[in-house]
Amino acid sequence: MNVAANKTRTMVEHAIDDFRRHLVERNASKHTIKAYAGDLDVFAAFIGSRDWKEIDHLVIRAFLSHLYDKGLSKTSVARALAAVRSLYRWLAQQGVVEQNPAKLVSTPRLAKQLPRVPTIEEMNSMLDAKMPEVAAFPERDCLMFELLYGCGIRNSELVGINLGDVNPSDETILIRGKGNKQRKVPFGGSALVALDIYLPRRQQVLATLKAKPNNVARTTAQTKSAEALLVNQRGGRLTTRSVGRIIKRIAIAKGLSPDVHPHTLRHAFGTHMLEEGADLRAIQELLGHERLATTQRYTQLSVKHVMNVYDQTHPRAK
């Protein structure tokens, strides 16, 4: 008999198991579930067999100190604290606890690192330039750039778009965001042109694959991805990892910074919309942000841009 396998689980471990199931049921993202699960497993190991009444803010502070001692960064410790707070919020909703001691513990101060966003001129120059030789599927890759920057969508939202989600007549796309929340976003004329060029090429790629005799490459997964807007050259739906590699490779070839990734284009969308006078609430809706506070970080980016312009142009700023 495996003694370790039959080890009695603690009260905290049982609660964390139930909390995980709750996150799955409410369609939390896989990344969130994985991150919370890892942090809470460490928390459970630290707490051991303590009862909820024995866990106060001092114990949680001791847990954070334990994480620092293990060499974790402030960002990782802050994430672990957020996971514990979320667990306690859920426990309070279930009537298991009356208070959230994690709320009494301050979040580690993090250095505010605003992402470097390409200027409007840089983005226009890059998008208008011819696709470089490193683009293996230039028609598709051009559309990817137009949608990421033109719609401000997330990488995961981009790869989740199906053909039926695109409505060229009113130039909108149905986007499935975090927690399966849906929203319609508009796309402009440049994206429509890129779409018109890509779709026949997509059909050609799929038809060529289908016509190949004894085509073992056409798997069940590829059949399931027949409705995917963006496909790879084997006929399968693009993955977020593939998109990240493609965007970085092409952006660098077109002269942008090596730290460019799909989310950079989303940041650029929000920042440039704000700089051009868009309402913050409208940007929030387009980006699919649940809280306005998340969108307000773009005001910081915009102020930074204004300060740079001032420093570079005002005669008394030198």
Side-chain angles (χ1 to χ4, degrees), residues 4-110 112 153-157 160 175-183 240 263 266 281 284-285 287-297:
N6 288 291
K7 173 183 171 287
T8 304
R9 292 181 67 73
T10 66
M11 177 193 65
V12 174
E13 287 173 329
H14 279 300
I16 291 172
D17 290 342
D18 292 339
F19 181 54
R20 280 180 187 152
R21 282 191 285 273
H22 162 71
L23 291 175
V24 172
E25 288 167 4
R26 57 168 273 207
N27 291 318
S29 75
K30 291 180 181 178
H31 297 299
T32 298
I33 295 171
K34 185 178 179 181
Y36 275 22
D39 290 331
L40 292 174
D41 282 345
V42 177
F43 177 66
F46 178 81
I47 294 301
S49 59
R50 286 185 181 96
D51 186 87
W52 292 118
K53 292 178 181 178
E54 298 176 75
I55 307 171
D56 59 12
H57 66 287
L58 296 176
V59 173
I60 294 174
R61 278 184 191 162
F63 168 61
L64 300 190
S65 296
H66 168 68
L67 297 181
Y68 282 124
D69 290 341
K70 289 177 65 176
L72 270 66
S73 67
K74 283 187 176 182
T75 303
S76 297
V77 173
R79 189 192 66 192
L81 178 59
V84 174
R85 283 176 177 164
S86 294
L87 170 66
Y88 266 95
R89 268 198 303 272
W90 178 76
L91 289 170
Q93 291 168 3
Q94 303 303 305
V96 177
V97 299
E98 294 181 3
Q99 294 181 328
N100 185 347
K103 288 178 69 175
L104 301 175
V105 180
S106 300
T107 301
R109 279 181 174 269
L110 304 176
K112 290 188 177 180
I153 56 179
R154 301 176 178 92
N155 189 348
S156 57
E157 294 171 344
I175 298 296
R176 295 171 187 82
K178 291 184 176 180
N180 281 344
K181 290 183 179 177
Q182 297 184 357
R183 68 186 189 279
T240 54
H263 216 69
R266 178 171 161 86
R281 288 282 182 186
Q284 177 190 7
E285 185 70 24
L287 290 170
H289 284 158
E290 198 166 311
R291 299 183 305 124
L292 186 61
T294 310
T295 315
Q296 284 172 332
R297 70 184 311 216

Practice task
Verify whether one side chain among Ser76 and Arg79 offers a donor that lies under 3.5 Å from an acceptor in the other.
Solution key: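 No, because no side-chain N or O of Ser76 sits under 3.5 Å from a partner of the opposite role on Arg79.
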To the nearest 0.5 Å, how far apart are [atom1] in [X] and [atom2] in [Y]?
{"X": "Glu25", "Y": "Arg21", "atom1": "CD", "atom2": "CZ", "value": "8.0 Å"}
{"X": "Glu13", "Y": "Ser49", "atom1": "CD", "atom2": "OG", "value": "10.0 Å"}
{"X": "Glu157", "Y": "Arg176", "atom1": "CD", "atom2": "CZ", "value": "11.0 Å"}
{"X": "Thr32", "Y": "Asn27", "atom1": "OG1", "atom2": "CG", "value": "12.0 Å"}
{"X": "Arg89", "Y": "Lys103", "atom1": "CZ", "atom2": "NZ", "value": "8.5 Å"}
{"X": "Leu23", "Y": "Trp90", "atom1": "CG", "atom2": "CH2", "value": "9.0 Å"}

Evaluate the side-chain proximity of [Y] to [X]: yes if any heavy-atom separation is below 4.5 Å, no if none is.
{"X": "Ile55", "Y": "Val12", "answer": "yes"}
{"X": "His31", "Y": "Lys178", "answer": "no"}
{"X": "Phe63", "Y": "Ile47", "answer": "no"}
{"X": "Trp52", "Y": "Leu91", "answer": "yes"}
{"X": "Ile153", "Y": "Arg183", "answer": "yes"}

Exercise for the section: Check step by step if side chain to side chain contact (heavy atoms under 4.5 Å, CB included) holds for His263 and Asn155. Expected result: CA-CA 7 Å; His263 216 69; Asn155 189 348; over 6 Å; no
Tell me if a side-chain donor or acceptor on [X] pairs with a main-chain N or O of [Y] at a distance below 3.5 Å.
{"X": "Arg85", "Y": "Ala102", "result": "yes"}
{"X": "Asp56", "Y": "Val59", "result": "yes"}
{"X": "Asn100", "Y": "Tyr88", "result": "no"}
{"X": "Arg20", "Y": "Tyr36", "result": "no"}

Practice task
Apply the side chain to side chain contact (heavy atoms under 4.5 Å, CB included) test between Leu81 and each candidate in Leu64, Leu67, Asp39; give the one that qualifies.
Solution key: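 Of the listed options, the one satisfying the test is Leu64.
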Handout entry: Residue Gln182 excluded, over 12 heavy atoms near CD under 6.0 Å
Key = yes
Practice task
Check whether more than 12 heavy atoms from other residues, nucleotides or ligands sit under 6.0 Å from atom CD of Gln94, and answer yes or no.
Solution key: yes
Problem - Over all atoms of both residues, closest heavy-atom pair of Ile60 and Pro101 - result: CD1-CG, 3.8 Å
Problem - Closest approach of Val105 to His57 (non-hydrogen atoms, all atoms of both residues) - result: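 Scanning both residues, the minimum pair turns out to be CG2-O, 3.6 Å.
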